[in-house]
Number of protein chains: 2
Amino acid sequence: MNGRTSRRDIYLKLRHMVLTLELAPGAALSENELAASLAVSRTPVRESLILLAQEGLVQVFPKVGSFVSRVDPAQVADAQFLREAVELASLHALPERLDPAVVEDLRVNLDRQKRGALDLEEFFELDEAFHQNLMRLSGHGNVWTTVAAAKGHLDRARRLGLHENVSPAAFVAQHHEIFEAIVGGDVPRAHTAMRTHLRAVFSDIERIRAHSPELFATDASSVPVRRNIVVWE
Amino acid sequence: MNGRTSRRDIYLKLRHMVLTLELAPGAALSENELAASLAVSRTPVRESLILLAQEGLVQVFPKVGSFVSRVDPAQVADAQFLREAVELASLHALPERLDPAVVEDLRVNLDRQKRGALDLEEFFELDEAFHQNLMRLSGHGNVWTTVAAAKGHLDRARRLGLHENVSPAAFVAQHHEIFEAIVGGDVPRAHTAMRTHLRAVFSDIERIRAHSPELFATDASSVPVRRNIVVWE
DNA sequence: CGCGAAGTTCTTGTATACAAGCACCTGTCG
DNA sequence: CGACAGGTGCTTGTATACAAGAACTTCGCG
């Protein structure tokens with residue numbers, strides 16, 4: 001029934017660019033420039049920016065400009081708290097019989113993670129699918145949508161952390177541990193493994209923050225920096 | 001720095017009308033009609049509807065129409081799971097010393113709840129503020145924003161339930177129990193009281209669903225009903 | 001040189017015009 | 001009577017025009 005609209009395409013494209021840091025935190029956006037480069041009018045671009053603003057990924061200052069949000073440590077912590085609460089709770093809501101199809105998906109996903117030599121982008125996609133499928137096991141897969149929408153700042157911080165150096169091998173091992181505990185029916189062990197995993201992800205962030213403070217927000221009253229205006233031409 | 005925009009006013013107004021059931025689930029909306037009745041152009045109305053659609057409170061069918069979402073039992077259950085996970089987790093993140101200002105706010109809030117003879121609308125506002133302040137005690141007050149955005153379907157279902165009959169007295173007593181356990185430092189008791197409270201709220205919903213099934217969504221492929229078109233006039 | 005005020009040019013917010021499509025109504029034909 | 005074809009008026013999607021404001025540049029003045 002639904003026809004495809006360009007707004008959805010543009011929204012997803014911009015969102016992806018923000019989350020992958022292709023659009024850097026703090027970068028100035030312009031509805032006109034984006035519209036021109038995407039070969040559409042301001043309308044769908046503007047509506048996409050409004051949606052991104054509601055997610056907290058973009059800040060719009062009326063009559064001043066739009067900017068990619070700097071990574072806000074407070075929002076990162078909030079997202080961390082949210083996902084930990086939800087993912088741990090879902091472990092205690094696991095049914096007796098796990099859905100074999102989802103379990104198989106998880107196994108395939110894990111195999112790919114272990115194959116090593118994987119692109120960083122690839123790892124993030126697998127990681128995202130892995131955690132979403134874990135939620136599906138407890139029948140609350142749709143809740144992941146809400147969590148995913150709220151953890152944009154955390155994802156960007158994580159990307160900053162992994163850009164630096166380390167291979168995701170440690171995280172892959174933790175995924176394995178969580179998975180084995182779940183299929184083995186050992187909920188307490190799964191709980192511990194999950195908490196360890198999520199907090200390891202979180203602890204990485206403080207390290208990178210000391211390394212690249214300019215990408216993080218300092219306080220709530222951030223002053224946007226306007227691009228220089230070219231006068232002559 | 002930010003100037004007031006009419007879009008925000010309209011968005012908040014429409015959102016409030018949807019959550020209070022002033023705009024009934026399933027009701028047809030029209031950007032043109034709303035714009036006319038609000039004395040603005042389609043633009044701010046349309047942008048507000050887009051935001052509400054992202055929250056799941058409105059469904060927009062391109063070239064067909066926009067409708068207030070019917071209450072989706074699946075989304076109600078998701079919101080219930082989400083809020084229970086978050087609110088219970090926040091109890092275990094309470095600090096040693098509670099913020100006296102927030103505690104005082106909670107006490108004043110509770111006193112008003114107990115004053116009895118309160119408007120239903122008033123009770124909902126107090127209830128909302130009460131739970132948000134509980135989250136503030138653990139330092140995760142901002143997470144409540146995410147929970148609040150995701151629990152629109154649950155709130156509407158709850159309103160349907162309380163429209164019917166009961167006084168909120170039982171809920172007020174549960175609030176009292178939770179509060180006393182928290183200020184007494186008894187986390188396990190607070191945990192039990194909170195879980196009992198949240199599930200009591202949830203159990204009310206199944207009752208009303210049997211009573212007024214037309215306000216609930218039946219399946220995902222809901223067919224929108226267009227208003228009759230008046231031809232002659 | 002310091003400083004203030006006006007001007008320029010960008011920004012987003014709002015209003016409006018046009019395009020595309022769906023659903024209903026109605027007339028017509030078998 | 002039934003069914004199909006076309007008209008009609010609504011719907012939202014997109015493009016464009018105009019308005020209001022903020023920040024930077026620059027000019028003028030002391």
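Side-chain atoms are counted along with the backbone in the values below, which use heavy atoms only and exclude waters and symmetry mates. In what follows, chains are A, B, ... by sequence order, proteins preceding strands, each numbered from 1.
Residue-to-nucleotide proximity on DNA chain C shows that, of L49(A) and T43(A), the 5′-proximal contact is made by L49(A). Annotation: of the two residues near DNA chain C, E47(B) and R42(B), the 5′-most nearest-nucleotide partner is E47(B).
At the phosphate of dT16(D), neither OP1 nor OP2 sits under 4.0 Å from any side-chain N or O atom of S41(A). Contact annotation: S6(B) side-chain N/O to dG13(C) OP1/OP2 distance is not under 4.0 Å. The side chain of T5(B) places no N or O atom within less than 4.0 Å of a non-bridging phosphate oxygen (OP1 or OP2) of dG13(C). The phosphate of dT11(D) (OP1 or OP2) has a side-chain N or O of N32(B) nearer than 4.0 angstrom.
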Should H140(A) and L82(B) be marked as a side chain to side chain contact (heavy atoms under 4.5 Å, CB included) after you check the CA-CA gap, both sets of side-chain angles, and the distance that decides it?
CA-CA 9 Å; H140(A) 295 101; L82(B) 174 70; over 6 Å; no

Intermediate values then yes/no, side chain to side chain contact (heavy atoms under 4.5 Å, CB included), Y11(B) and H16(B):
CA-CA 8 Å; Y11(B) 164 71; H16(B) 187 261; over 6 Å; no

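Put simply, CD on Q59(B) is 16 Å from C1' on dT11(D), counting in whole angstrom units. Taking atom CD of residue E31(A) and atom C1' of nucleotide dA15(D), one finds them 14 Å apart after rounding to whole Å. Between the CG atom of L29(A) and the P atom of dC10(C) there is a distance of 17 Å, given to the nearest Å. Rounded to an integer number of Å, the gap from CZ of R8(A) to P of dG13(D) is 13 Å. Residue R4(A) contributes atom CZ, which lies 14 Å from atom P of dG21(C) at whole-angstrom precision. Rounded to a whole Å, the CG atom of L38(B) is 16 Å from the C1' atom of dG13(C). Taking atom NZ of residue K63(A) and atom P of nucleotide dT12(C), one finds them 11 Å apart after rounding to whole Å. Look at CD1 on I50(B): it is 11 Å from C1' on dT14(D), rounded to the nearest Å.
Taking only side-chain atoms of P44(A), from C-beta outward, the nucleotide of dG13(C), dA15(D), dG13(D) with the closest atom is dA15(D).
Residue contacts for R7(B): at a heavy-atom cut-off of 4.0 Å it reaches the sugar-phosphate backbone alone, with no base atom in range.
In the model, R136(A) has a side-chain atom that pairs as donor or acceptor with a side-chain atom of N133(A) under 3.5 Å. Residues H153(B) and D78(B) have side chains that never bring a donor and an acceptor to within less than 3.5 angstrom of each other.
For the salt bridge (Lys or Arg N to Asp or Glu O under 4.0 Å) with K151(B), the lone residue among E128(B), E84(B), E55(B) that qualifies is E128(B).
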